[in-house]
Amino acid sequence: MNLRKKNENWLMAVLLMLLIAVSSLAWGQKKPSAPAPKPAPKPAAKPAAPAHPATAGHATAGHTTTPSRTTTTGTRNGTTSRTGTTNRPGTMGKTGTTTRPGTVGKSGGAGMGKPGTGGKPGTTTRAANRTPPGRTVALKGGGKASIRPNGQIRSIDRNGMHIEHGMHGGRTVVSEHNGARIVTTGRHGGYVQRPYAVRNGHTYVQRTYVVNGRPYARVYRSYYYGGHPYYGYYPGYYYHPGFYGWAYNPWPAPIAWGWGWGGAPWYGYYGGYFAPYPVYPTAAFWLTDYLLSASLQAAYAAQAEANADAAAQANASAAPADNGGQTQAADNSNAVTLTPEVKQAIADEVKAQLAAEQAAAAAPAASGAAPAAASSSGAPAGATQTAANGGDVPAALDPAHTTFVVASDLAVVADGQECGLTQGDVLTRLDTTPDADQKVTVLVTASKKTDCASGKQVAVSVDDLQEMHNHFQEQIDDGLKTLAEKQGTGGLPKAPDTSTSAGEMPPPPPDTSAAAALQNQQAAADQTEAAVSKEAFSQGS
């Protein structure tokens, strides 16, 4: 009995152990290695994060900039970003919105600004590629030459002489000789700059310009800013403050003015680019057309001279001449390119200059007053002064001045390709911090058909911008002289007192040796180019 009970207990224990073993084996086969992840919910469209102010090399002119990871970078015109929206070239805005060309989006990124305004200075991107295409040749005996891809010389630096060729055949030569700075432009123009005088702690230089054999002198004040030398135009005299007020404020009624340009070749050639105002409510608009017409006449003359030089060289080599921009007359007859917004920006600069000269005219001459910087509204800025007063910011970098009219032939780089700027094109400075080459980024807000396309961002030297502003001031003073002579006639309203008073430093008589110095430099540049051409091309062959 006991033995039977023991056997039953043993059998139950064996069966229990077998049951446990089988259950464990089955569980081990069914157990997963890890819990399956739950599917993640589809994220909602994420708005673009505010873009930080772009830095050098982060943007290329003419392409969209990356405000967030959801936006496609470097898109071509009209392409759609990944979020389904379309950004126009060169703009930055919130994801999901479309900004106008050149506007500053709400994301805080920097754009180009509306035509003629240039956006907020100091926040723009740098042009991604500022190096012109081609090659650089080291010259025997020192110096270098820059050669364009088509084999033409872009620039030469040798024996203290710098030679620069524009895109339309013009040439600029700069050298220093016996303390004089000699600058030739084309074959029949340029200036010679010499030390003039020191008065009230200010250093002045004399510039004698020679245009088509006619010399005239101007006074400039020299100074340093950021360790770099600049030269600022200084008026030789001022009108009575009331005359500037007459020019600044609205006239009793708008006037029509017949300029007499109808038969002028330059006017017909640039008829598609420039159209004068039909009427003038104030002298600021009259002066705007005055300086633009003078710039375009200079551009036409410079191109004609370059074409003549090209034809002469072609005849000498029995090769067909390249007529440059003159072959594009039909293109320049298209719709007016100088928009009302761009002309308004120039007129605002004119008003600022009128207000500045009025403030200087009201100051005692002995104080050494020079034109004060003016706010965008045109009212004098009081304590703020332009760089002509000394160590303050030059007009080329002054936030009060953002619009510049090109005064000479320049070659710049846009989207990695070289293009030209000529007299009468309009630029808007986008930043105020020069790079290592003393250049800042500008927007081409208006240009002729044969020049850099409007809307492109390019790098221009601060020196060139300063010369544009100097030339702008000179043309305004020339226009004021014409207004003072013609006021009260031909429909112009009568002006108050047009008497003048001398500035701190009256201009000297023209330098009688200037014409010869310019001619000698032209001859030296011709010899240098001939020698360098042989050497450079032999290295490239």
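Counting from 1, the numbers follow the sequence of the chain as shown.
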request  = Might you work through the side chain to side chain donor-acceptor pair (under 3.5 Å) test for His471 and Glu467, ending with a clear yes or no?
outcome  = CA-CA 6 Å; His471 190 62; Glu467 289 303 320; over 6 Å; no
A side-chain contact here means heavy atoms from C-beta on lying under 4.5 Å apart; do [X] and [Y] qualify?
{"X": "Leu421", "Y": "Val412", "result": "yes"}
{"X": "Tyr191", "Y": "Thr185", "result": "no"}
{"X": "Thr432", "Y": "Val440", "result": "no"}
{"X": "Leu410", "Y": "Asp464", "result": "yes"}
{"X": "Ile153", "Y": "Ser533", "result": "yes"}
{"X": "Thr528", "Y": "Ile156", "result": "yes"}
{"X": "Ile346", "Y": "Leu292", "result": "yes"}
{"X": "Leu465", "Y": "Val442", "result": "yes"}

Kindly give the heavy-atom pair with the smallest separation between [X] and [Y], and that separation in Å.
{"X": "Ala414", "Y": "Val458", "value": "CB-CG1, 3.7 Å"}
{"X": "Leu296", "Y": "Gln423", "value": "CD2-O, 3.8 Å"}
{"X": "Pro394", "Y": "Tyr223", "value": "CB-OH, 3.4 Å"}
{"X": "Asp431", "Y": "Thr441", "value": "OD1-N, 3.2 Å"}
{"X": "Gly232", "Y": "Gln466", "value": "CA-NE2, 4.0 Å"}
{"X": "Ala446", "Y": "Val342", "value": "CB-CG1, 4.0 Å"}

key: Audit row: Gln206, Arg194, side chain to side chain donor-acceptor pair (under 3.5 Å) steps and yes/no   = CA-CA 5 Å; Gln206 163 195 347; Arg194 300 182 185 277; over 6 Å; no
ask   = What about the rings of Tyr220 and Tyr231, do their centers lie closer together than 6.0 Å?
value = no
query = How about Tyr300 and Trp266: are their ring centres within less than 6.0 Å of each other?
reply = no
Chi angles and distances behind the side-chain contact (heavy atoms from CB on, under 4.5 Å) call for Leu139, Glu535 = CA-CA 7 Å; Leu139 302 174; Glu535 181 178 346; 3.8 Å; yes
Could you measure the distance from the [atom1] atom of [X] to the [atom2] atom of [Y]? Nearest 0.5 Å is fine.
{"X": "Gln473", "Y": "Leu291", "atom1": "CD", "atom2": "CG", "answer": "12.0 Å"}
{"X": "Thr428", "Y": "His401", "atom1": "OG1", "atom2": "NE2", "answer": "14.0 Å"}
{"X": "Phe472", "Y": "Ser295", "atom1": "CZ", "atom2": "OG", "answer": "10.0 Å"}
{"X": "Arg429", "Y": "Thr403", "atom1": "CZ", "atom2": "OG1", "answer": "9.0 Å"}
{"X": "Ser175", "Y": "Asn159", "atom1": "OG", "atom2": "CG", "answer": "11.0 Å"}
{"X": "Met161", "Y": "Glu529", "atom1": "CE", "atom2": "CD", "answer": "9.5 Å"}

query = Under the 3.5 angstrom rule, does the side chain of Asp398 hit a backbone N or O of Ala400 as a donor-acceptor pair?
reply = yes
ask   = Checking salt bridge (Lys or Arg N to Asp or Glu O under 4.0 Å) for the pair Asp478/Arg218: CA distance, chi angles, key distance, verdict?
value = CA-CA 12 Å; Asp478 289 344; Arg218 305 280 194 184; 3.2 Å; yes
task = Go through the steps to decide whether Ser155 and Ser146 satisfy the test side-chain contact (heavy atoms from CB on, under 4.5 Å), and finish with yes or no.
result = CA-CA 5 Å; Ser155 65; Ser146 176; 3.4 Å; yes
Do [X] and [Y] have side-chain N/O donor and acceptor atoms under 3.5 Å apart?
{"X": "Lys448", "Y": "Thr422", "result": "yes"}
{"X": "Asp477", "Y": "Tyr233", "result": "yes"}
{"X": "Glu474", "Y": "Asn470", "result": "no"}
{"X": "Asp451", "Y": "His168", "result": "yes"}

query = Run the side chain to side chain donor-acceptor pair (under 3.5 Å) check on His165 and Gln152 step by step: do they pass?
reply = CA-CA 9 Å; His165 283 273; Gln152 294 179 347; over 6 Å; no
inquiry  = Applying side chain to side chain contact (heavy atoms under 4.5 Å, CB included), can you list everything that pairs with Gln522, at least two apart in sequence or on another chain?
reply    = Arg171, Thr184, Arg187
note = Given the options Tyr225, Tyr224, Tyr230, His228 meets ring pair (Phe, Tyr, Trp, His ring centres under 6.0 Å) only with Tyr230
request  = Check step by step if side-chain contact (heavy atoms from CB on, under 4.5 Å) holds for Lys456 and Asp415.
outcome  = CA-CA 8 Å; Lys456 294 294 185 180; Asp415 298 338; 2.4 Å; yes
task = Starting from the C-alpha separation in whole Å, work towards a yes-or-no answer on side-chain contact (heavy atoms from CB on, under 4.5 Å) for Glu164 and Asp409.
result = CA-CA 10 Å; Glu164 187 86 23; Asp409 193 1; over 6 Å; no
When the ring planes of [X] and [Y] are compared, do they come out parallel, tilted or perpendicular, using 30° and 60° as the limits?
{"X": "Phe404", "Y": "His469", "result": "perpendicular"}
{"X": "Tyr273", "Y": "Tyr270", "result": "perpendicular"}
{"X": "Tyr216", "Y": "Tyr209", "result": "parallel"}

query = Using 4.0 Å as the upper bound for N to carboxylate O, is an ion pair formed by Arg148 and Glu418?
reply = yes
query = Taking 4.0 angstrom as the limit, do Asp289 and Lys343 come out as a salt bridge?
reply = yes
ask   = Do any pairs count as a disulfide (SG to SG under 2.5 Å) and have a residue in residues 153-191, sequence neighbours left out, and if so which ones?
value = none
ask   = Can you list the steps and then say if Asp511 with Ser513 is a side chain to side chain donor-acceptor pair (under 3.5 Å)?
value = CA-CA 5 Å; Asp511 180 356; Ser513 65; 2.8 Å; yes
